[in-house]
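Have a look at the structure below before the remarks.
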Amino acid sequence: MNPQGLNEELQRHGLSRRDFLNFCTSMAAVLGLPTTAASAIAAAIEDPARPILVWLEFQDCCGNTESLLRASHPTVADLILDTISLNYHETIMAAAGSQAEAVLKKTVQENQGKYIALVEGSIPTGADGAFCTIGGRAALDIAREVCGGAAATIAVGTCAAFGGLPAAAPNPTGALSVGDAVPGVKNLINLSACPANAENITALVVYYLTMKSLPPLDRYRRPLFAYGSFIHDNCERRGHFDAGQYVEAWGDEAHRHGYCLYKMGCKGPATSQNCPTVKWNEGTNWPVGCGHPCLGCAEPNFWDTMTPFYGRLPNIAGFNVGEWVDPVGLGVAGVAAVAATVHGVAEVARRGGHKSSSNENKKAEPKS
Ligand code: SF4
Ligand code: F3S
C-alpha cells in the first residue's frame, strides 16, 4: 500500500496521519530503538512490498486472538495487522469454510518464502492428528506446509511457543510447540505469555518489516526487546520488596498499600517479560499493578513449574531470595534495614546465578 492508500485507510477508520506517526514512535519505544527510527518504521509499513501475514489457530483457547482484538476502538495497530496485512485468520476473517481455506492455499502458493506465519496454540500429534483438524486436515499437516513456506514463523502465546497447558502432564493429545512439531522451521520466534501481549505481537511484526531480519533473541528464541529483563526488575512494587514490605493476606493493609506480592505467590523474580513497562489493554494496567501476583505465564512449562500459583516457590531456578523472606516478614518495619542488607547480598547471588543465561541471551543468534 502506498502512502496515499494508507492515508485513505486511516481516514476511513477515523485515524489521522498524526495517529500513525505516534504509533510509529511508540513502536520504536517498545523495540528499544531511538525515536529517529520512527520514520524508517513508517516507510516500511507504507512499502507495498511489505510481507503479508497468515495466522493459524490450532489447539488453543483463542486468548491470543482476543489479545490482538483487545482494542475498544480501532487503533493504527489493528489497522496494520488486520485490515492491511493479515490475509488469513480463520477466527476473524469474513470468509468461512472452503472459501477461507482457498484463501490460505492461494496465499501460501503465491507467496512462497515471503509471508510471515503466526501460529496460535499447540499442535497435537496424538491419534494421527485427529485432535485438531481444519477443513479435514490435521493441524500438523497445515503447520508443516504453512510454516515450511514462510519467511519467518512467530509462535504466538505460550501454547505455540512451549506447548502450554495442552502439553502439561499427562499431555493426552501429544501436544507440541511449533518448534518441536515442525523442527527446523525457518526463522522461528517465540512470543510466549498467556496470552501474548498485542503490543509485542505488533512490535515484532513492525521490527521485521523495518529491519528485514529477526530481532536479537534469548535462549528460548524470544525477542530481547520484550523478554530481556525480569518482571521483578521493573516492577512498581520493587521498592517494597527491597524494604521487606510484603502482602501477607488478600485485602490486608499491605495489599491495600500496594506492597510486594512475593509472599502471595508472585513469580516476577523468575519471569522475563516487559509487562511492567508496556502493560496491557492499551497501557491501562498489568497483573501486579492491579494487585495480583505474576503467574510466570511467559516461561516454559509454567503450568507445571510455577504452580501452585498462589504459593511461594523458593526453589525457582535463579531465584535465591526464598530463604530470607520469612524472617523479614515476622517484623516488617523493624527489620527493614536488615532486609535491605540481606537483600543486597541475595541480589548479588541472584544476578550471579543468572549471569550465564543473560550472557547466553546476548549471544543467541537467530536461526537462518
Ligand atoms: Fe513486584 Fe512480584 Fe517482584 Fe514483588 S516479587 S517486586 S510484586 S515482581
Ligand atoms: Fe504473565 Fe506475569 Fe506478565 S502472569 S502477563 S508474565 S505479569
Side-chain angles (χ1 to χ4, degrees), residues 30 61 63-64 66-68 70 156-159 161-162 164-165 190-201 218 220 222-223 226-250 252 254-314 316 318-322 324-326 328-329 332 336 339-340 343 346-347 350-351 354:
V30 174
C61 68
N64 297 284
E66 289 288 347
S67 179
L68 187 70
R70 83 290 184 213
V156 184
T158 294
C159 293
F162 303 131
L165 178 61
N190 288 322
L191 214 53
S192 58
C194 190
N197 193 322
E199 298 296 330
N200 291 336
I201 301 171
D218 73 1
Y220 298 125
R222 302 179 299 186
Y227 302 88
S229 55
F230 291 112
I231 298 275
H232 189 60
D233 290 342
N234 296 310
C235 179
E236 63 222 35
R237 296 176 189 241
R238 177 59 183 270
H240 294 298
F241 179 95
D242 291 350
Q245 296 171 322
Y246 303 98
V247 176
E248 303 280 345
W250 300 118
D252 70 5
H255 197 209
R256 288 198 295 278
H257 279 93
Y259 284 9
C260 172
L261 295 159
Y262 170 68
K263 285 187 161 189
M264 305 306 287
C266 185
K267 309 302 186 300
T271 304
S272 303
Q273 203 181 182
N274 54 1
C275 305
T277 49
V278 169
K279 301 188 177 174
W280 290 77
N281 297 325
E282 297 166 63
T284 306
N285 209 338
W286 66 295
V288 171
C290 55
H292 193 279
C294 168
L295 303 181
C297 78
E299 296 303 310
N301 309 319
F302 83 100
W303 291 96
D304 293 323
T305 60
M306 299 292 187
T307 46
F309 287 136
Y310 299 108
R312 181 163 59 84
L313 291 182
I316 296 170
F319 187 19
N320 301 327
V321 292
W324 62 271
V325 168
D326 272 341
V328 171
V332 169
H343 173 63
E347 269 301 280
R350 185 178 74 79
R351 287 171 190 276
H354 262 282

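Everything numeric here is computed off the predicted structure, so don't read it as measured data. Start at 1 and go down the list; that is how both ligands and their atoms are numbered.
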With sequence neighbours excluded, residues passing side-chain contact (heavy atoms from CB on, under 4.5 Å) with H255:
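H255 satisfies side-chain contact (heavy atoms from CB on, under 4.5 Å) with V247, W250, D252, L261 once adjacent residues are dropped.
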Would you say K267's side chain and F309's backbone share a donor-acceptor pair under 3.5 angstrom?
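It does hold such a pair.
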Please list, in chain and residue-number order, the protein N/O/S atoms closer than 2.8 Å to atom 2 (Fe) of ligand 1.
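Metal shell, protein only: C266 SG.
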Taking the six-membered ring for Trp, are F162 and Y220 closer than 6.0 Å centroid to centroid?
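They qualify: ring centres under 6.0 Å apart.
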Relative to the heavy atoms of W286, which atoms of ligand 2 are at a distance of less than 4.0 Å?
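In order of number, 7 (S).
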Numbering as shown, the atoms of ligand 2 that approach W280 to under 4.0 Å (heavy-atom distance):
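Those qualifying, in numeric order: 5 (S).
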Does the pair F302 and T271 meet the rule for a side chain to side chain contact (heavy atoms under 4.5 Å, CB included), with working shown?
CA-CA 10 Å; F302 83 100; T271 304; over 6 Å; no
Mind listing the closest non-hydrogen atom pair of T305 and P300 along with its distance?
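Looking at all heavy atoms of both residues, the shortest contact is OG1-O, 3.7 Å.
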Residue pair C159 / L165: nearest heavy atoms and the distance that separates them:
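Minimum heavy-atom separation between C159 and L165: SG-N, 4.0 Å.
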Return the set of residues passing side chain to side chain donor-acceptor pair (under 3.5 Å) with Q273 (not counting sequence neighbours), or none when no residue passes.
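Checked Q273 against side chain to side chain donor-acceptor pair (under 3.5 Å); zero matches.
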Taking atom 1 (Fe) of ligand 2 as the center, what protein N, O or S atoms are found at less than 2.8 Å?
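Under 2.8 Å from atom 1 (Fe) of ligand 2 - ignoring waters, which are not counted - the protein N, O or S atoms are C297 SG.
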Just verifying a value: how many Å separate E299 CD and C194 SG, rounded to the nearest 0.5 Å?
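It is 13.0 Å, given to the nearest 0.5 Å.
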Under the side-chain contact (heavy atoms from CB on, under 4.5 Å) test against H232, which residue among C266, P276, S272, P269 passes?
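Single pass found, and it is P269.
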side-chain contact (heavy atoms from CB on, under 4.5 Å), paired with P195, selected from N64, T158, I201:
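When side-chain contact (heavy atoms from CB on, under 4.5 Å) is applied between P195 and each of N64, T158, I201, only N64 qualifies.
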